[in-house]
Amino acid sequence: DTGVSQDPRHKITKRGQNVTFRCDPISEHNRLYWYRQTLGQGPEFLTYFQNEAQLEKSRLLSDRFSAERPKGSFSTLEIQRTEQGDSAMYLCASRARQGSREAFFGQGTRLTVV
Amino acid sequence: AQTVTQSQPEMSVQEAETVTLSCTYDTSENNYYLFWYKQPPSRQMILVIRQEAYKQQNATENRFSVNFQKAAKSFSLKISDSQLGDTAMYFCASFTGANSKLTFGKGITLSVRP
C-alpha cells in the first residue's frame with residue numbers, strides 16, 4: 001500500500017456538467033475525509049466518514065455535492081451542475097482509528113470549471 | 001468550534017539559517033492535537049511534526065521543533081538549518097476528538113533562498 005490515492009489528478013469540465021472523484025484510502029484506515037483547497041488557502045473540511053457512515057458534512061457542502069463510501073473502502077465525491085466557484089483542489093485524507101491522529105493526504109484532484 | 005490562525009502569509013529565509021512560523025489556535029477542548037503540515041509546490045501534503053496537548057515537552061523532529069505555549073494557545077514551528085527543499089506552504093492544524101476532524105489555518109508560504 002503506497003498511501004492515499006486520488007483519481008483523476010486533474011479534471012476540466014464545462015459549467016453545468018457533473019463530475020465524480022475517487023479516493024482510495026490507506027487500507028487499514030477507517031476514517032476518511034474530503035477537503036477543498038483554493039489557491040493560497042488552507043484546506044476546508046467538506047465531509048467525514050467512519051467506515052461507511054458519513055458522520056459529518058460541512059455547510060460548504062451544498063445539495064449539489066454528494067459523497068459516498070460504500071463498504072467502508074474507497075470513497076467518491078460527486079458534484080452536480082458544476083459552477084465556476086467549484087474550481088479548486090479536492091483533497092482526500094485518511095487516518096487510523098487509534099494512534100497519533102495523523103491524517104495522510106492524497107495528491108488531490110484539481111478541478112477547473114470553464 | 002476550533003479555529004487556527006496563521007497571520008503571516010509569506011516568509012523568506014536564507015539557506016542554513018533558522019526561521020520560525022507562527023500559529024495560534026482556539027479550542028474549548030482539553031484533549032487535542034496540533035500539527036504542522038508541509039505542502040510543496042504541486043505536491044501532496046505531508047506531516048512535519050505533531051504535538052499532543054497533554055504533553056508539556058515540545059516536540060522535535062530533526063531540524064524541526066515546536067514552541068507549544070498551551071496557556072497562550074500558541075504553536076510555532078522552528079526550522080533550523082533551512083534547506084532549499086523546505087520551500088513550501090506550511091499549514092498549522094488542530095484536531096480534537098469531539099469533532100474528529102483537522103481544522104487548518106490559511107497557511108504560510110516559506111521561501112528558502114540559496
Side-chain angles (χ1 to χ4, degrees), chain A residues 2-7 9-10 23-26 29-51 53-61 67 75 88-110 112, chain B residues 1-11 21-25 27 29 31-55 59 61 75 88-111:
Chain A
T2 57
V4 178
S5 175
Q6 291 187 247
D7 182 71
R9 293 286 308 281
H10 303 274
C23 172
D24 287 271
I26 294 172
H29 288 183
N30 69 337
R31 266 82 159 154
L32 186 147
Y33 302 83
W34 285 99
Y35 284 84
R36 182 172 69 187
Q37 185 180 21
T38 53
L39 195 61
Q41 299 295 313
E44 297 173 299
F45 170 79
L46 291 179
T47 191
Y48 156 54
F49 289 87
Q50 181 175 313
N51 300 312
Q54 188 173 19
L55 296 188
E56 187 176 346
K57 292 196 295 185
S58 165
R59 288 189 297 272
L60 294 174
L61 215 63
S75 176
M89 177 75 83
Y90 290 84
L91 298 171
C92 178
S94 70
R95 71 171 182 88
R97 183 174 64 180
Q98 301 294 338
S100 69
R101 309 300 194 269
E102 176 185 353
F104 293 81
F105 283 81
Q107 291 187 297
T109 294
R110 181 167 295 284
T112 302
Chain B
Q2 299 176 82
T3 59
V4 178
T5 302
Q6 294 179 255
S7 55
Q8 307 156 303
E10 297 180 6
M11 287 193 77
L21 311 182
S22 301
C23 173
T24 57
Y25 63 94
T27 179
E29 300 294 320
N31 185 24
Y32 55 91
Y33 297 76
L34 298 168
F35 303 88
W36 278 97
Y37 277 86
K38 170 185 177 181
Q39 189 176 41
S42 301
R43 297 186 65 183
Q44 71 195 95
M45 187 120 37
I46 57 173
L47 180 69
V48 175
I49 197 164
R50 62 174 163 262
Q51 174 83 41
E52 292 91 339
Y54 63 86
K55 290 187 176 178
E61 288 287 342
F75 183 61
M89 278 200 81
Y90 287 81
F91 295 96
C92 180
S94 70
F95 174 92
T96 74
N99 57 23
S100 296
K101 66 177 184 279
L102 281 170
T103 299
F104 287 87
K106 289 188 175 182
I108 178 171
T109 300
L110 176 67
S111 300

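Labels below follow one simple rule: chain letters A, B, ... track the order of the sequence lines, proteins then strands, and each chain is numbered from 1. All values below were derived from every heavy atom in this structure, side-chain atoms included, with hydrogens, water molecules and symmetry-related copies excluded.
- Proximity to chain A (any heavy atom under 4.5 Å) is restricted, for B:M89, to the side chain, taken from C-beta onward.
- Here B:Y25 pairs with B:Y32 under the ring pair (Phe, Tyr, Trp, His ring centres under 6.0 Å) rule; sequence neighbours left out.
- Neither the backbone nor the side chain of A:L55 comes within contact range of chain B; no heavy atoms are under 4.5 Å apart.
- Within the 4.5 Å cutoff, side-chain heavy atoms of A:Q37 are placed close to those of B:F91.
- Once rounded to the nearest 0.5 Å, the distance linking CZ of A:F105 with CG of B:L47 reads 9.5 Å.
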Exercise. Stepwise, does the side chain to side chain contact (heavy atoms under 4.5 Å, CB included) test hold for B:F95 with A:R95?
Worked result: CA-CA 12 Å; B:F95 174 92; A:R95 71 171 182 88; 3.2 Å; yes
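- In terms of modelled atom types and a separation under 3.5 Å, the side chain of A:Y33 and the main chain of B:L102 share no donor-acceptor contact.
- Residues B:K101 and A:Y48 have side chains not in contact (no heavy-atom distance under 4.5 Å, counting atoms from C-beta outward).
- When heavy atoms are compared at a cutoff of 4.5 Å, B:Q39 approaches chain A solely by way of its side chain, counted from C-beta outward.
- If you tally non-hydrogen atom pairs under 4.5 Å between each of B:Q6, B:Q44, B:M45 and chain A, the highest count goes to B:Q44.
- Looking only at side-chain heavy atoms (C-beta outward), B:Y37 and A:E102 come within less than 4.5 Å of each other.
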